[in-house]
Participant: 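Got a structure here, written out as C-alpha cells. Questions coming.
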2 protein chains.
Amino acid sequence: MGMLQAGNNSHAMPYRDEHLTMDFTQQAVLLDSERMTLTRKEYELLALLVQHAGEIIPREALLMQVWGYGAEIRTRTLDVHVRRLRKKLGGYADQYIETVFGIGYRFQPFHAPRFCLPQAIRTAVALGA
Amino acid sequence: MGMLQAGNNSHAMPYRDEHLTMDFTQQAVLLDSERMTLTRKEYELLALLVQHAGEIIPREALLMQVWGYGAEIRTRTLDVHVRRLRKKLGGYADQYIETVFGIGYRFQPFHAPRFCLPQAIRTAVALGA
DNA sequence: TTAACTTGTAAAGACTTTGTAAAAAGTTGG
DNA sequence: CCAACTTTTTACAAAGTCTTTACAAGTTAA
C-alpha cells in the first residue's frame, strides 16, 4: 500500500529523464551527462525520493528510512541534506525537489506533466504490465 | 549476486580502453602502449578493480581477495598500494581509480560518460520502456 | 496582522576516513 | 650473506562527512 519499501534497492530499475540519470546498481548519478558525486546520505536520500518520483514522502518517512530515526527525534539534518542535494542539482534543484510544507518533500521528474504517475507505475504501464 | 569471484581469473577477457590495456592471460598491462611494470600485489589489485569496472568494490572485499585479510584486520596497506597504482597510472589516475568515501574504490573505464547497463535493461531502454 | 510553527541557510564542531612519506620488515636471487 | 626489491607498518596530515546550532525567512491559521 502506501508503505515505503525498506532495505537495499540496488536492483531497482534505473531512473532517467532529460537531465538526470540514476543507476541504483552502480550507485552512480549523472546530471547532464556529468557524474554527480554524492555522499552516502545524499545518495540514499535522493535514491529514496527518485524511486518514489511524483509521490510526497513525509519527513518522518525520510528520517526513518535514511537515518533510522523514530518519530520522536527532532533534528534539522534532513533539511541540511536536502539543501546540499539541491545545490548539487544546480539550476534544476527547484524543478526536481519540491518542498511540501508541513509534510515532506517530493521528487518530480523533469518536465513532469501536471498529473504524474509514480515512476513504478509508469514503468509498469510502459512495459505493458 | 553481488559477490566477487575468488581465485585465479587469468582466463578472463582482456580489458581495453583508450589508454589502458590489460591481458590477464599474460599478466601484461599497457598504458598508452607502454608496458607498465607492476608488482604482484599492485597487479592483483588493479586486476580485481578492472575486472569489476564500474562497480564499487568495498575495502573489505579488496583486503579479502588480494590479501586474504578478514574484516577484523586494520591496516593501511591497501591505501599505500592504491597510491602506488595511481602513481604508475600517471595523469589518468583520478580518472581511473575513484575513491568512494567510506566504502572502497571503483575503477572507471576511460571516458565512461554513460552507464554500462546489463543487456536486458539496455534493450528495455532502447525500446522506450 | 500577528503569533506559532516550519523550512532555509551558514557556519562551526566532532568525528571518521583517506593520503602520504618514511622507516621497518619481509622476500628473492645471486 | 648481500643487495635489490617488495610489502607492511607507523605516524601524521589532509580531506570528507554528518550533525548541531542559531538565526533568517517563509507559511499558516486565528
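As the structure is a computational prediction, the values presented were derived from the model and not from experiment. Numbers restart at 1 for each chain; the letters A, B, ... are given by sequence-line order, proteins then strands.
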Participant: I want to check one thing: is the phosphate of C/dG8, taken as OP1 and OP2, less than 4.0 Å away from some side-chain N or O of A/Y105?
Facilitator: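 It does, given that an N or O in the side chain of A/Y105 lies less than 4.0 Å from OP1 or OP2 of C/dG8.
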Participant: Among C/dT9, C/dT20, D/dC18, find the nucleotide with the atom closest to the side chain of A/T39.
Facilitator: D/dC18
Participant: Touch check for B/T77, heavy atoms < 4.0 angstrom, all strands: base, sugar-phosphate only, or nothing?
Facilitator: base
Participant: Which whole-number value in Å describes the distance from A/E42 CD to D/dT19 C1'?
Facilitator: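 Atom CD in A/E42 sits about 13 Å away from atom C1' in D/dT19.
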Participant: State whether B/T75 places a side-chain N or O below 4.0 Å from either non-bridging phosphate oxygen (OP1 or OP2) of D/dT9.
Facilitator: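 For D/dT9, OP1/OP2 do have a side-chain N/O of B/T75 under 4.0 Å.
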Participant: Would you please say whether a donor-acceptor pair under 3.5 Å links the side chains of B/R35 and B/T21?
Facilitator: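 Side-chain D/A pair, B/R35 to B/T21: absent.
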Participant: Check this one for me: any side-chain N or O of A/R59 less than 4.0 Å away from OP1 or OP2 of C/dT7?
Facilitator: yes
Participant: Does some side-chain heavy atom of B/T77 sit less than 4.5 Å from a side-chain heavy atom of B/K41?
Facilitator: no
Participant: Round to the nearest Å and state the distance from B/I56 atom CD1 to C/dT18 atom P.
Facilitator: 12 Å
Participant: Using heavy-atom distances to pick each residue's nearest nucleotide on DNA chain D, tell me which of A/R74 and B/L78 is more 5'.
Facilitator: B/L78
Participant: What's A/V82 touching, base or sugar-phosphate or nothing? Going by heavy atoms closer than 4.0 Å.
Facilitator: nothing
Participant: Test B/L49 against B/E44 for side chain to side chain contact (heavy atoms under 4.5 Å, CB included), laying out the working first.
Facilitator: CA-CA 9 Å; B/L49 289 168; B/E44 286 177 15; over 6 Å; no
Participant: What do you reckon, are the aromatic ring centroids of B/F107 and B/Y15 less than 6.0 Å apart?
Facilitator: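 Yes: the rings meet the under 6.0 Å criterion.
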Participant: Within this structure, what is the CG-to-P distance between A/L85 and C/dG8, rounded to whole angstrom?
Facilitator: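 Whole-Å distance recorded here is 12 Å.
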Participant: Measuring from the side chain of B/K41 (C-beta onward, heavy atoms only), which nucleotide among D/dC18, D/dT9, D/dT7 has the closest atom?
Facilitator: D/dT7
Participant: In this structure, how many angstroms lie between the P atom of D/dA15 and the CG atom of B/D79, rounded?
Facilitator: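 Value for this atom pair: 16 Å.
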Participant: In whole angstroms, how far is the C1' atom of D/dT10 from the CZ atom of B/R83?
Facilitator: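 The answer, rounded to whole Å, is 15 Å.
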Participant: Figure out the OH/P separation between B/Y43 and D/dC5, and round it to whole Å.
Facilitator: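 Going from B/Y43 (OH) to D/dC5 (P), I get 22 Å.
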Participant: Any heavy-atom pair between the side chains of A/D79 and A/R76 that's under 4.5 Å?
Facilitator: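 Sidechains of A/D79 and A/R76: in contact.
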Participant: Start with the C-alpha gap between A/H81 and A/E42, add the side-chain angles, then the distance that decides, and say whether side chain to side chain donor-acceptor pair (under 3.5 Å) holds.
Facilitator: CA-CA 6 Å; A/H81 279 269; A/E42 286 165 1; 5.1 Å; no
Participant: Map A/R84 and A/T99 onto DNA chain C by nearest heavy atom, then report which one ends up closer to the 5' terminus.
Facilitator: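 Taking each residue's closest nucleotide, the earlier one in sequence belongs to A/T99.
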Participant: How do B/G102 and B/V80 order along DNA chain C: which one's closest nucleotide is nearer the 5' end?
Facilitator: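 This one resolves to B/G102.
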Participant: Which nucleotide in the list D/dT21, D/dT8, C/dG8 gets nearest to the side chain of B/Y69?
Facilitator: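 Shortest atom-to-atom distance from the side chain points to D/dT8.
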Participant: Given C/dT18, D/dT8, D/dT19, which nucleotide is nearest the side-chain atoms of A/H81?
Facilitator: D/dT19
Participant: Would you sort out whether A/L78 and A/W67 count as a side chain to side chain contact (heavy atoms under 4.5 Å, CB included), showing the intermediate values?
Facilitator: CA-CA 9 Å; A/L78 169 59; A/W67 279 268; 4.0 Å; yes
Participant: What does the B/S/- profile of nucleotides 23-30 of chain D look like, 5' to 3', with a 4.0 Å heavy-atom cutoff to protein?
Facilitator: ---BSS--
Participant: Measure the distance from CD1 on B/I103 to P on D/dT17 and round it to the nearest whole Å.
Facilitator: 11 Å
Participant: Whole-Å distance between C/dT7 C1' and A/D94 CG?
Facilitator: 13 Å
Participant: Tell me whether the side-chain N/O atoms of A/W67 come closer than 4.0 Å to OP1 or OP2 in D/dC18.
Facilitator: no
Participant: Can you find a heavy atom in the side chain of A/L30 that is under 4.5 Å from one in the side chain of A/L20?
Facilitator: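 They are not in contact (no side-chain heavy atoms under 4.5 Å apart), so the answer is no.
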